[in-house]
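Heads up: the structure comes next, in structure tokens.
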Number of protein chains: 2
Amino acid sequence: MSFDRDAVLRAAAELLARKATATQDEIAKAAGISRATLHRHFAGRDALIRALEELGLRQLEQVVTDARLDDGAAREALSRLIEGTRPVAGFIAFLSTENQLFEEGEMNEGWERIDARISALFRRGQESGEFRIDMSPIWFTEALYGLVAAAAWAIQAGRTAPRDYTPMILGLLLGGVERRDPTP
Amino acid sequence: MSFDRDAVLRAAAELLARKATATQDEIAKAAGISRATLHRHFAGRDALIRALEELGLRQLEQVVTDARLDDGAAREALSRLIEGTRPVAGFIAFLSTENQLFEEGEMNEGWERIDARISALFRRGQESGEFRIDMSPIWFTEALYGLVAAAAWAIQAGRTAPRDYTPMILGLLLGGVERRDPTP
DNA sequence: ACCGAATGAGACAGTAATGTCTCATTCGAG
DNA sequence: CTCGAATGAGACATTACTGTCTCATTCGGT
């Protein structure tokens with residue numbers, strides 16, 4: 001059984017997202033490996049967190065690219081984006097809540113780049129008249145992260161079915177909770 | 001200068017919300033007191049977290065009560081609720097992300113009670129025809145927590161003005177990002 | 001201004017988690 | 001099947017944080 005680095009990091013992200021104080025032992029257990037092996041591949045907690053951040057950002061960046069945010073209607077692009085985040089929702093939940101790394105001044109440029117690309121999508125939607133203009137694209141972006149994390153947590157807690165992930169987030173983010181008049 | 005228990009807990013919540021691994025020393029520093037004094041009032045980290053949870057839940061419950069969720073239009077009640085959460089946003093951010101306490105089986109009944117009351121508001125809105133019915137009240141509630149946490153974080157990071165707190169959350173949660181036809 | 005109470009600063013021991021090592025066992029390529 | 005590499009389990013030392021204590025200083029009521 002070869003070592004599945006990404007699977008270990010995914011398990012770690014999901015655990016740390018809801019219990020940031022988990023020990024290396026708990027993380028190893030959650031990943032289904034021994035503490036020794038965990039330490040062989042990630043020399044210490046700092047290295048683990050760093051790898052977590054690195055993989056999370058890389059995957060998210062790939063998701064953003066695959067969603068082709070510049071193509072077609074903004075709401076369609078947003079739909080593709082959210083659907084794409086599903087496999088990395090655990091990473092997003094972890095990364096968006098735990099900014100203990102960034103505050104060391106390095107303020108990860110990768111994270112800023114992703115923010116910029118998603119914000120640009122919302123701005124494009126505003127300029128095309130699809131999205132409302134009384135709130136900033138940055139807030140929309142932050143709100144998206146928040147909803148993704150909330151959805152990931154709700155699913156993990158068994159409160160919601162996994163298949164509802166995308167419609168839940170997309171429906172709420174696009175239309176809000178208010179009922180809309182059926183006037184297409 | 002007398003000891004302001006609530007202020008200390010508020011500072012602790014805001015710090016722990018974004019860095020759950022903060023040491024007692026860092027918490028004390030963030031609260032503007034010494035580690036010795038922190039320990040005099042909260043005997044150990046567990047006691048601190050417990051007090052944090054207790055005060056947070058109590059305050060949030062008070063906010064929910066003050067918002068009179070059963071009165072008037074559901075959207076107005078939601079508006080009052082969100083405005084009321086502003087002073088306790090740091091607590092909500094901490095409590096909604098860190099469930100390390102609940103998983104010890106006690107699954108705080110106070111938290112469940114608050115969830116139930118807020119969910120009831122959304123359900124009432126659905127039944128009155130104000131809110132859409134294709135998503136569950138529980139999801140609306142979780143989403144509210146997520147948006148509150150996202151807003152609190154955005155403000156703390158200086159990305160958004162504090163005065164925009166309520167309109168940001170309310171606007172997004174009620175109407176979503178899509179532009180609505182001006183047809184009242 | 002006084003005095004008791006609370007605080008801050010620091011030293012110190014205890015403890016929990018980490019980093020490191022060893023060794024038997026398992027895995028998997030050839 | 002064989003052998004080298006990787007893993008799991010555990011022991012051990014180290015580190016970092018916590019819990020506790022002391023004492024000088026400051027605060028605040030009277």
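To find a chain, count down the sequence lines: A is the first, B the second, and so on, and within it residues start at 1.
Among the nucleotides C:dG8, D:dT18, D:dT7, the one closest to any side-chain atom of B:Gln24 is D:dT18. Nearest to the side chain of A:Thr23, among C:dA17, C:dG8, C:dT7, sits C:dA17. In the set C:dT7, C:dT18, D:dG19, the nucleotide with an atom closest to the side chain of B:His39 is D:dG19.
Put simply, CG on A:Asp25 is 13 Å from C1' on C:dG19, counting in whole angstrom units. The nearest whole Å value for the distance from the CG atom in A:Asp4 to the C1' atom in D:dT7 is 15 Å. With rounding to whole Å, A:Phe3 atom CZ is found 15 Å from C:dC27 atom C1'. Put simply, CZ on A:Arg5 is 13 Å from P on D:dT7, counting in whole angstrom units. Rounded to whole Å, the distance from CD1 on A:Ile27 to C1' on C:dA17 is 11 Å. Rounded to a whole Å, the CD1 atom of A:Ile49 is 14 Å from the C1' atom of C:dT18. One atom, CZ of A:Arg40, and another, C1' of C:dT20, lie 11 Å apart when rounded to the nearest Å. For B:Arg45 and C:dA16, the CZ to P distance is 15 Å, given to the nearest whole Å.
B:Arg117 and B:Thr65 are linked by a side-chain donor-acceptor pair at a separation below 3.5 angstrom, with hydrogens and angles left out of the test.
When ring centroids are compared, B:Trp139 and A:Tyr165 stay outside the 6.0 Å threshold.
Of the side-chain N and O atoms in A:His41, one or more sit less than 4.0 angstrom from OP1 or OP2 of D:dT7. Residue B:Thr37 places at least one side-chain N or O closer than 4.0 Å to OP1 or OP2 of C:dG8.
Under the 30°/60° scheme for interplanar angles, the aromatic rings of B:His41 and B:Phe3 are found to lie parallel.
Contact annotation: side chain of B:Arg35 to base of D:dG19, donor-acceptor pair present below 3.5 Å.
Under 4.0 Å is where a charged nitrogen must lie from a carboxylate oxygen, and between A:Glu130 and B:Arg179 no such pair does.
For the pair B:Phe140/A:Leu172, a side-chain contact is recorded, criterion being any heavy-atom separation below 4.5 Å from C-beta on.
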